[in-house]
Amino acid sequence: MSSSRIDVSIEHKNAPATPDGKAHPNTCPSCGSHYRDDELEASLRGCPQCGHHFPVHARERIAQLADEGSFAEEAAELRSADPLDFFDLRPYAERLAEAEIATGLGDAMVIGRAAIEGLPCELAVMDFAFMGGSMGSVTGEKFARACESAAATGLPVVSVSASGGARMQEGILALMQLPKTVCAAEDLHDAGCALISVMTHPTTGGLLASFASLGDVIIAEPGALMSF
(Lines give C-alpha, C1' and ligand atoms only; values in the text may rest on other atoms or scores of the structure.)
Protein backbone atom coordinates (compact mmCIF):
# COMPACT_ATOMS: atom_id res chain seq x y z
CA MET A 1 0.00 0.00 0.00
CA SER A 2 1.51 3.32 -1.08
CA SER A 3 1.11 6.46 0.95
CA SER A 4 0.87 9.98 -0.40
CA ARG A 5 3.56 12.42 0.61
CA ILE A 6 2.41 15.72 2.02
CA ASP A 7 4.78 18.67 1.82
CA VAL A 8 4.37 21.18 4.60
CA SER A 9 5.80 24.67 4.23
CA ILE A 10 6.48 26.65 7.39
CA GLU A 11 7.23 30.36 7.21
CA HIS A 12 9.99 31.53 9.53
CA LYS A 13 10.84 35.05 10.58
CA ASN A 14 14.39 34.43 9.39
CA ALA A 15 14.64 32.83 5.97
CA PRO A 16 17.31 30.17 5.43
CA ALA A 17 20.54 31.26 3.84
CA THR A 18 21.07 30.89 0.11
CA PRO A 19 23.28 28.00 -1.14
CA ASP A 20 26.37 30.25 -1.12
CA GLY A 21 25.81 30.98 2.58
CA LYS A 22 24.58 34.55 2.15
CA ALA A 23 21.41 35.87 3.74
CA HIS A 24 18.30 35.67 1.60
CA PRO A 25 17.89 38.97 -0.33
CA ASN A 26 14.36 39.44 1.05
CA THR A 27 15.52 39.26 4.67
CA CYS A 28 15.59 42.64 6.37
CA PRO A 29 19.14 43.29 7.63
CA SER A 30 17.75 45.56 10.34
CA CYS A 31 15.09 43.43 12.07
CA GLY A 32 15.48 40.02 10.40
CA SER A 33 11.94 39.86 8.99
CA HIS A 34 11.54 37.94 5.76
CA TYR A 35 9.20 38.80 2.90
CA ARG A 36 7.92 37.34 -0.32
CA ASP A 37 8.67 39.25 -3.52
CA ASP A 38 5.06 40.41 -3.85
CA GLU A 39 5.02 41.66 -0.24
CA LEU A 40 8.12 43.80 -0.82
CA GLU A 41 6.71 45.11 -4.07
CA ALA A 42 3.47 46.11 -2.33
CA SER A 43 5.42 47.99 0.36
CA LEU A 44 7.63 49.73 -2.25
CA ARG A 45 10.56 47.67 -0.92
CA GLY A 46 10.36 49.16 2.55
CA CYS A 47 10.26 46.86 5.58
CA PRO A 48 6.76 47.18 7.14
CA GLN A 49 8.16 46.17 10.53
CA CYS A 50 11.07 48.57 11.01
CA GLY A 51 11.07 50.88 7.98
CA HIS A 52 14.36 49.66 6.49
CA HIS A 53 14.66 50.50 2.79
CA PHE A 54 15.73 47.62 0.54
CA PRO A 55 17.68 48.43 -2.66
CA VAL A 56 15.49 49.33 -5.63
CA HIS A 57 16.59 48.79 -9.22
CA ALA A 58 16.26 51.71 -11.62
CA ARG A 59 13.33 50.39 -13.65
CA GLU A 60 11.42 49.42 -10.52
CA ARG A 61 12.07 52.88 -9.06
CA ILE A 62 10.71 54.46 -12.24
CA ALA A 63 7.61 52.26 -12.01
CA GLN A 64 7.14 53.43 -8.41
CA LEU A 65 7.50 57.12 -9.27
CA ALA A 66 6.02 57.60 -12.73
CA ASP A 67 2.40 57.40 -13.77
CA GLU A 68 1.72 54.09 -15.48
CA GLY A 69 2.70 54.14 -19.14
CA SER A 70 4.08 57.69 -19.01
CA PHE A 71 7.82 56.96 -19.05
CA ALA A 72 9.63 57.30 -22.37
CA GLU A 73 13.31 56.39 -22.10
CA GLU A 74 15.95 58.57 -23.75
CA ALA A 75 19.58 57.93 -24.75
CA ALA A 76 19.23 54.20 -24.08
CA GLU A 77 21.74 53.44 -26.82
CA LEU A 78 24.71 55.11 -25.08
CA ARG A 79 27.51 52.80 -23.93
CA SER A 80 30.85 53.48 -22.23
CA ALA A 81 34.04 53.13 -24.23
CA ASP A 82 37.31 51.77 -22.82
CA PRO A 83 39.83 54.49 -23.72
CA LEU A 84 42.39 53.32 -21.16
CA ASP A 85 42.18 49.61 -22.04
CA PHE A 86 41.73 49.23 -18.29
CA PHE A 87 42.47 45.85 -16.76
CA ASP A 88 42.41 44.84 -13.11
CA LEU A 89 41.44 41.23 -12.48
CA ARG A 90 39.42 41.37 -15.71
CA PRO A 91 39.16 43.79 -18.64
CA TYR A 92 36.85 46.78 -18.15
CA ALA A 93 34.95 45.87 -21.32
CA GLU A 94 34.18 42.47 -19.81
CA ARG A 95 32.89 44.04 -16.60
CA LEU A 96 30.64 46.38 -18.60
CA ALA A 97 29.19 43.47 -20.57
CA GLU A 98 28.62 41.50 -17.37
CA ALA A 99 26.84 44.44 -15.73
CA GLU A 100 24.60 44.94 -18.75
CA ILE A 101 23.62 41.26 -18.80
CA ALA A 102 22.95 41.23 -15.05
CA THR A 103 20.86 44.42 -14.95
CA GLY A 104 19.47 44.78 -18.46
CA LEU A 105 20.79 48.36 -18.48
CA GLY A 106 23.34 50.04 -20.72
CA ASP A 107 24.73 52.11 -17.87
CA ALA A 108 24.18 53.03 -14.23
CA MET A 109 21.64 55.76 -15.08
CA VAL A 110 18.31 55.62 -16.87
CA ILE A 111 16.79 58.90 -18.14
CA GLY A 112 13.55 59.81 -19.85
CA ARG A 113 10.39 61.89 -19.93
CA ALA A 114 7.64 60.93 -17.49
CA ALA A 115 4.70 62.22 -15.50
CA ILE A 116 4.23 62.05 -11.74
CA GLU A 117 0.62 62.44 -10.65
CA GLY A 118 -0.11 64.03 -14.00
CA LEU A 119 2.75 66.55 -13.83
CA PRO A 120 5.41 66.14 -16.58
CA CYS A 121 9.06 65.92 -15.63
CA GLU A 122 12.41 64.48 -16.66
CA LEU A 123 13.65 61.48 -14.66
CA ALA A 124 17.30 60.54 -14.08
CA VAL A 125 17.41 57.36 -12.00
CA MET A 126 20.53 55.43 -10.97
CA ASP A 127 20.96 51.71 -10.34
CA PHE A 128 23.60 50.64 -7.81
CA ALA A 129 23.57 47.13 -9.29
CA PHE A 130 25.37 48.45 -12.40
CA MET A 131 29.01 48.55 -11.26
CA GLY A 132 28.14 50.05 -7.89
CA GLY A 133 26.30 52.93 -9.53
CA SER A 134 29.66 54.40 -10.46
CA MET A 135 29.61 57.54 -12.61
CA GLY A 136 31.45 57.19 -15.90
CA SER A 137 31.29 59.26 -19.07
CA VAL A 138 27.90 57.85 -20.12
CA THR A 139 26.34 58.55 -16.71
CA GLY A 140 27.44 62.17 -16.88
CA GLU A 141 26.30 62.50 -20.47
CA LYS A 142 22.87 61.08 -19.67
CA PHE A 143 22.37 63.47 -16.75
CA ALA A 144 23.46 66.40 -18.93
CA ARG A 145 20.99 65.36 -21.65
CA ALA A 146 18.20 65.06 -19.10
CA CYS A 147 18.91 68.61 -17.91
CA GLU A 148 19.10 69.94 -21.49
CA SER A 149 15.80 68.31 -22.41
CA ALA A 150 14.12 69.64 -19.27
CA ALA A 151 15.49 73.16 -19.76
CA ALA A 152 14.28 73.22 -23.37
CA THR A 153 10.73 72.30 -22.35
CA GLY A 154 10.52 74.09 -19.00
CA LEU A 155 10.25 70.92 -16.93
CA PRO A 156 11.81 69.91 -13.60
CA VAL A 157 14.36 67.11 -13.29
CA VAL A 158 13.87 64.45 -10.64
CA SER A 159 17.14 62.62 -10.01
CA VAL A 160 17.49 59.49 -7.87
CA SER A 161 21.07 58.83 -6.81
CA ALA A 162 22.64 55.53 -5.79
CA SER A 163 26.38 55.48 -6.28
CA GLY A 164 29.78 54.59 -4.94
CA GLY A 165 31.35 57.54 -6.77
CA ALA A 166 33.33 58.09 -9.95
CA ARG A 167 34.17 55.04 -12.07
CA MET A 168 37.89 54.37 -11.61
CA GLN A 169 38.17 52.36 -14.83
CA GLU A 170 37.69 55.57 -16.84
CA GLY A 171 40.22 57.63 -14.90
CA ILE A 172 40.16 61.37 -15.60
CA LEU A 173 37.20 60.96 -17.96
CA ALA A 174 35.09 59.85 -14.99
CA LEU A 175 36.34 62.72 -12.82
CA MET A 176 35.43 65.17 -15.59
CA GLN A 177 31.79 64.19 -15.11
CA LEU A 178 31.72 66.07 -11.80
CA PRO A 179 32.09 69.56 -13.34
CA LYS A 180 30.05 68.46 -16.38
CA THR A 181 27.03 67.51 -14.28
CA VAL A 182 27.43 70.60 -12.06
CA CYS A 183 27.34 72.79 -15.18
CA ALA A 184 24.28 70.90 -16.45
CA ALA A 185 22.50 71.53 -13.13
CA GLU A 186 23.42 75.23 -13.24
CA ASP A 187 22.13 75.55 -16.82
CA LEU A 188 18.90 73.94 -15.65
CA HIS A 189 18.60 76.51 -12.86
CA ASP A 190 19.41 79.36 -15.27
CA ALA A 191 16.48 78.19 -17.41
CA GLY A 192 14.21 78.59 -14.38
CA CYS A 193 13.68 74.84 -13.92
CA ALA A 194 13.91 72.90 -10.68
CA LEU A 195 16.13 69.98 -9.74
CA ILE A 196 14.64 67.60 -7.19
CA SER A 197 17.39 65.35 -5.85
CA VAL A 198 16.54 62.07 -4.11
CA MET A 199 19.50 60.43 -2.36
CA THR A 200 19.22 56.71 -1.72
CA HIS A 201 21.61 54.33 0.01
CA PRO A 202 24.45 54.91 -0.74
CA THR A 203 25.13 58.30 -2.33
CA THR A 204 28.86 58.82 -2.01
CA GLY A 205 31.97 60.19 -3.69
CA GLY A 206 31.63 62.13 -6.91
CA LEU A 207 27.84 61.90 -6.97
CA LEU A 208 27.49 63.65 -3.63
CA ALA A 209 30.16 66.16 -4.66
CA SER A 210 28.33 67.04 -7.85
CA PHE A 211 24.70 67.15 -8.94
CA ALA A 212 23.19 65.10 -6.08
CA SER A 213 23.81 67.91 -3.61
CA LEU A 214 22.65 70.72 -5.92
CA GLY A 215 18.92 70.07 -5.81
CA ASP A 216 16.45 72.85 -5.10
CA VAL A 217 14.76 70.18 -3.02
CA ILE A 218 16.88 67.38 -1.53
CA ILE A 219 15.29 64.25 -0.12
CA ALA A 220 17.11 61.27 1.40
CA GLU A 221 16.08 57.74 2.31
CA PRO A 222 16.07 57.12 6.06
CA GLY A 223 19.43 55.68 7.05
CA ALA A 224 21.05 56.30 3.66
CA LEU A 225 24.85 56.61 3.67
CA MET A 226 26.03 59.93 2.25
CA SER A 227 29.74 60.64 2.28
CA PHE A 228 32.67 62.01 0.32
Side-chain angles (χ1 to χ4, degrees), residues 25 29 44-46 52-66 71 73-76 78-82 86 88 90 92-112 122-147 157-182 184-185 195-215 218-228:
L44 302 181
R45 298 194 66 80
H52 170 78
H53 284 56
F54 286 80
V56 181
H57 294 300
R59 297 205 184 279
E60 184 178 0
R61 181 84 66 180
I62 292 168
Q64 291 178 356
L65 290 172
F71 180 72
E73 188 172 355
E74 301 167 354
L78 296 183
R79 298 291 186 278
S80 287
D82 185 15
F86 193 93
D88 43 51
R90 285 182 295 163
Y92 176 42
E94 184 178 312
R95 292 190 182 277
L96 285 172
E98 183 182 73
E100 182 165 354
I101 291 171
T103 63
L105 304 178
D107 195 71
M109 177 176 282
V110 179
I111 66 169
E122 192 79 19
L123 286 179
V125 180
M126 300 196 70
D127 196 322
F128 191 79
F130 192 101
M131 296 192 68
S134 52
M135 181 166 66
S137 54
V138 168
T139 313
E141 176 66 16
K142 282 191 171 186
F143 180 79
R145 291 194 187 190
C147 289
V157 172
V158 178
S159 70
V160 182
S161 304
S163 177
R167 190 172 300 169
M168 67 174 187
Q169 291 90 345
E170 295 185 23
I172 190 63
L173 294 179
L175 294 178
M176 286 169 59
Q177 304 313 307
L178 278 72
K180 178 176 181 175
T181 55
V182 168
L195 172 61
I196 300 171
S197 177
V198 182
M199 298 186 188
T200 69
H201 176 74
T203 298
T204 63
L207 256 292
L208 185 68
S210 58
F211 70 86
S213 59
L214 295 179
I218 299 177
I219 305 169
E221 277 185 344
L225 172 66
M226 289 168 280
S227 68
F228 179 72

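What you see is a predicted model; the values in this text were computed from it and never measured. These values consider heavy atoms only, across backbone and side chains, with no hydrogens, waters or symmetry-generated copies.
- Considering only residues two or more places apart in sequence or on other chains, F130 meets the ring pair (Phe, Tyr, Trp, His ring centres under 6.0 Å) condition with none of them.
- Closest heavy-atom contact between L123 and A66: CD1-CB, 4.3 Å.
- Formation of a donor-acceptor pair under 3.5 Å by the S197 side chain with backbone atoms of S213 is not found in this model.
- C147 approaches A184 most closely through the heavy-atom pair CB-O, 3.7 Å.
- Contact of the S80 side chain with the Y92 side chain is registered, since non-hydrogen atoms from C-beta on lie closer than 4.5 Å.
- With sequence neighbours left out, the side-chain hydrogen bond (donor to acceptor under 3.5 Å, both in side chains) criterion links E60 to no other residue.
- A pairwise comparison of heavy atoms in M109 and A124 identifies SD-CB, 4.0 Å as the closest pair.
- Looking at T200 and H53, their side chains never come closer than 4.5 Å, going by heavy atoms from C-beta outward.
- The salt bridge (Lys or Arg N to Asp or Glu O under 4.0 Å) pairs that include a residue from residues 131-142 are E141-R145, E141-K180, where partners are two or more places apart or lie in different chains.
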Please walk me through it: do E170 and Q177 pass side chain to side chain contact (heavy atoms under 4.5 Å, CB included)?
CA-CA 11 Å; E170 295 185 23; Q177 304 313 307; 5.9 Å; no
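- With hydrogens and angles ignored, the 3.5 Å screen pairs no side-chain donor or acceptor of T203 with any backbone N or O of S163.
- The shortest distance between side-chain heavy atoms of V110 and E73 falls below 4.5 Å.
- In this structure, the side chains of L96 and M131 come closer than 4.5 Å at one or more pairs of heavy atoms.
- Taking 4.5 Å as the limit, some side-chain heavy atom of H52 sits within range of a side-chain heavy atom of P29.
- The main-chain N or O of G164 is never found under 3.5 Å from a side-chain atom of S134 such that the two would form a donor-acceptor pair.
- Side-chain contact between F54 and P25 is absent, with no heavy-atom pair separated by less than 4.5 Å.
- Heavy atoms only, all atoms of each residue included: A166 and L175 are closest at CB-CD2, 4.1 Å.
- With contacts defined as side-chain heavy-atom distances shorter than 4.5 Å, the pair R61/V198 does not qualify.
- With sequence neighbours left out, T139 forms a side-chain hydrogen bond (donor to acceptor under 3.5 Å, both in side chains) with D107.
- With sequence neighbours left out, E74 forms a salt bridge (Lys or Arg N to Asp or Glu O under 4.0 Å) with no residue at all.
- Across L208, L225, V160, I219, a single residue satisfies side-chain contact (heavy atoms from CB on, under 4.5 Å) together with M199, and that is L208.
- Here R45 pairs with nothing under the salt bridge (Lys or Arg N to Asp or Glu O under 4.0 Å) rule; sequence neighbours left out.
- For the pair L207 and S161, the tightest heavy-atom approach, listed with the atom from each and the gap, is CD1-OG, 4.1 Å.
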Apply side chain to side chain contact (heavy atoms under 4.5 Å, CB included) to the pair M135 and L178, showing each step before the final yes or no.
CA-CA 9 Å; M135 181 166 66; L178 278 72; 3.8 Å; yes
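- Summarising the geometry of F143 relative to T181, their closest heavy-atom pair is CE2-O, 3.6 Å, with the distance given to 0.1 Å.
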After noting the C-alpha distance and the side-chain angles of R167 and F86, does the key distance pass the side chain to side chain contact (heavy atoms under 4.5 Å, CB included) rule?
CA-CA 11 Å; R167 190 172 300 169; F86 193 93; over 6 Å; no
Run the side chain to side chain contact (heavy atoms under 4.5 Å, CB included) test on D88 and Q169 for me, step by step, so that the C-alpha distance in whole Å, both residues' side-chain angles and the decisive distance to 0.1 Å come before the verdict.
CA-CA 9 Å; D88 43 51; Q169 291 90 345; 4.0 Å; yes
